[in-house]
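Just so it is clear: chains get the letters A, B, ... in the order the sequence lines come, proteins before strands, and each one is counted from 1. It should be emphasised that the depicted structure is a prediction, and the values quoted were computed from it without experimental measurement. Note that these values count all heavy atoms, side chains included, but never hydrogens, waters or copies made by symmetry.
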2 protein chains.
Amino acid sequence: MSTLPNAPYHHGNLRQALLEAALRLLEQQGEAGLGLRDLARAVGVSPAAPYRHFDSRAALLEALAVTGFQRFTARMQAVMASAPDDPLAAMGKTYVVFALQNPNLFRLMFSPQLKKDARPGLRMAADAAFDTLRQAVGGTALDGRIRALAAWAKVHGLAVLLLDGQIAIRAGEDSEALVAEIIGSL
Amino acid sequence: MSTLPNAPYHHGNLRQALLEAALRLLEQQGEAGLGLRDLARAVGVSPAAPYRHFDSRAALLEALAVTGFQRFTARMQAVMASAPDDPLAAMGKTYVVFALQNPNLFRLMFSPQLKKDARPGLRMAADAAFDTLRQAVGGTALDGRIRALAAWAKVHGLAVLLLDGQIAIRAGEDSEALVAEIIGSL
DNA sequence: GGGCAATGTTGACATTGTTCACATTCTGGT
DNA sequence: ACCAGAATGTGAACAATGTCAACATTGCCC
């Protein structure tokens, strides 16, 4: 091996190591900076090794997005359980906080180049997240969907605009308070 | 020249031709499919020629996004002028319709890889769009910003979710009506 | 223990963004 | 009208990247 002289030929469980390193690289450098060769080097493996575990770079990104959706859903459900009185506001805040804490992962999850139509796993993970949201909205079955979609759109738009720096935080302004205020006004 | 035997050495105004062809390619193939070489070939020029007009591929994309914001702002202002009674609803619908009609351009405008912090022109174009929105929201100067941001977030989130196919249109469902319904419930 | 599948390596290929040296055309000052 | 120099376009090259095929090594099961 190139990095460590006495490293074993087989890595152990490369797939997991690749995903973890990829997550780290993703948050550090953004999706564009996540190269397969860099990734392989970070794990101490040859450039072609990842292809034993992922069909392509796109497949690797998809796997990342799926775990992102899973974490996201888990957090949503936890918040929903711990704030039984006003789940909507709590989830809204959690949604935005998640996006701000994992900006590049969040962007990847909703990246257009992932084409969820062609990736059933990704579509399922995303749908699971949406189901959690709809569950929290409650309401009658008839207009439940519309209200859930509306709530999702509100909070998603806020998250995206914040991520893009489109909503500028003024000097000396409390970003958390601003977020809370906007959520409240939704 | 390679394409036409009697084409002149100088193109005439290459910059404009590049932008137009790029817009066409962008909507047809998405941002990833917009290669500098393809673009040059589409205009009938050598692969290095675009560099006389754009510093890099990123600069070309930025120029595209700027014109996108300009068109967007113009359409917003036109709608605002032609619907003086309820400008908010009209603009909301226009916002979403614009996104659905120019999906890849819209995605490019809000693409994270454009890093608006480092591109003053892009930031200005985006701010102009937001100013138009704020103007339509009106309200007192104090909470005008918050309300404008909230309105923007709502309609932007709806547009993004629709673009991503995250909001599934069911069989036999009128998408326009669905959009109108969601906007109404905001 | 031997064979087979899984996993990792090496080297190569096509493509892409980008640059450099050179060619061609346009333009303004005398 | 001319010519110098700025604009603009060409062609060949470079480095980097995703990807693949052939080969090496290891682990596992009968």
Q.
Within a 6.0 Å radius of atom CD on B:Glu176, are there more than 12 heavy atoms belonging to other residues, nucleotides or ligands?
A. no

Q) B:Ala48 side chain: which of D:dG11, C:dG17, C:dG8 is closest? A) D:dG11

**Q.** Nearest listed nucleotide, side chain of A:Ser46, among C:dT10, D:dG18, C:dT19
**A.** C:dT10

Q: Quickly work out the B:Arg15 CZ to D:dA7 C1' distance and round it to whole Å.
A: 14 Å

Q | Closest to the B:Val45 side chain, choosing from C:dG8, D:dG9, C:dT18 | A | D:dG9

Q: Verify the distance criterion only: is there a donor paired with an acceptor across the side chains of B:Glu31 and B:Gln113 at less than 3.5 Å?
A: yes

Per-pair distances, 0.1 Å, donor-acceptor, side chain in residues 76-97 of chain B, under 3.5 Å, sequence neighbours excluded:
unit_1  : atom_1 : unit_2   : atom_2 : d
B:Ser82 : OG     : B:Ala78  : O      : 3.4
B:Ser82 : OG     : B:Val79  : O      : 3.2
B:Asp86 : OD1    : B:Ala89  : N      : 3.4
B:Thr94 : OG1    : B:Ala90  : O      : 2.8
B:Tyr95 : OH     : B:Trp152 : NE1    : 2.7
B:Tyr95 : OH     : B:His156 : ND1    : 2.7

Q: Specify the separation, in whole Å, of atom CG of B:Leu60 and atom P of C:dG17.
A: 10 Å

Q: May I have the step-by-step check of side-chain contact (heavy atoms from CB on, under 4.5 Å) for B:Leu60 and B:Leu39, ending in yes or no?
A: CA-CA 11 Å; B:Leu60 188 265; B:Leu39 180 58; 4.1 Å; yes

Q. So does A:His53 get a side-chain nitrogen or oxygen closer than 4.0 Å to the phosphate oxygens (OP1/OP2) of C:dG8?
A. yes

(Q) With nearest nucleotide decided by heavy atoms, which residue, A:Arg52 or A:Leu34, maps closer to the 5′ end of DNA chain D? (A) A:Leu34

Q. What does A:Arg37 touch in the nucleic acid at a heavy-atom separation under 4.0 angstrom: a base, only the sugar-phosphate, or nothing?
A. base

Q) What integer distance in Å separates A:Arg57:CZ from C:dA14:C1'? A) 18 Å

Q: Could you tell me the separation between the CG atom of A:Leu158 and the CG atom of B:Leu149, rounded to the nearest 0.5 Å?
A: 8.5 Å

Q.
Between C1' on C:dG17 and CG on B:Leu36, what's the gap in Å once rounded to a whole number?
A. 7 Å

Q. Rounded to the Å, how far apart are B:Gln113 CD and C:dG17 P?
A. 12 Å

Q.
Distance check needed: D:dT10 C1' versus B:Leu14 CG, whole Å only.
A. 13 Å

**Q.** Length of the CG-C1' vector between A:Asp55 and D:dC20, whole Å
**A.** 13 Å

Q. Taking the side chain of B:Tyr51 as heavy atoms from C-beta outward, which of C:dT19, C:dT16, D:dG18 is closest to it?
A. C:dT19

Q.
Without decimals, in angstroms, what is the distance between A:Glu31 CD and D:dG18 P?
A. 10 Å

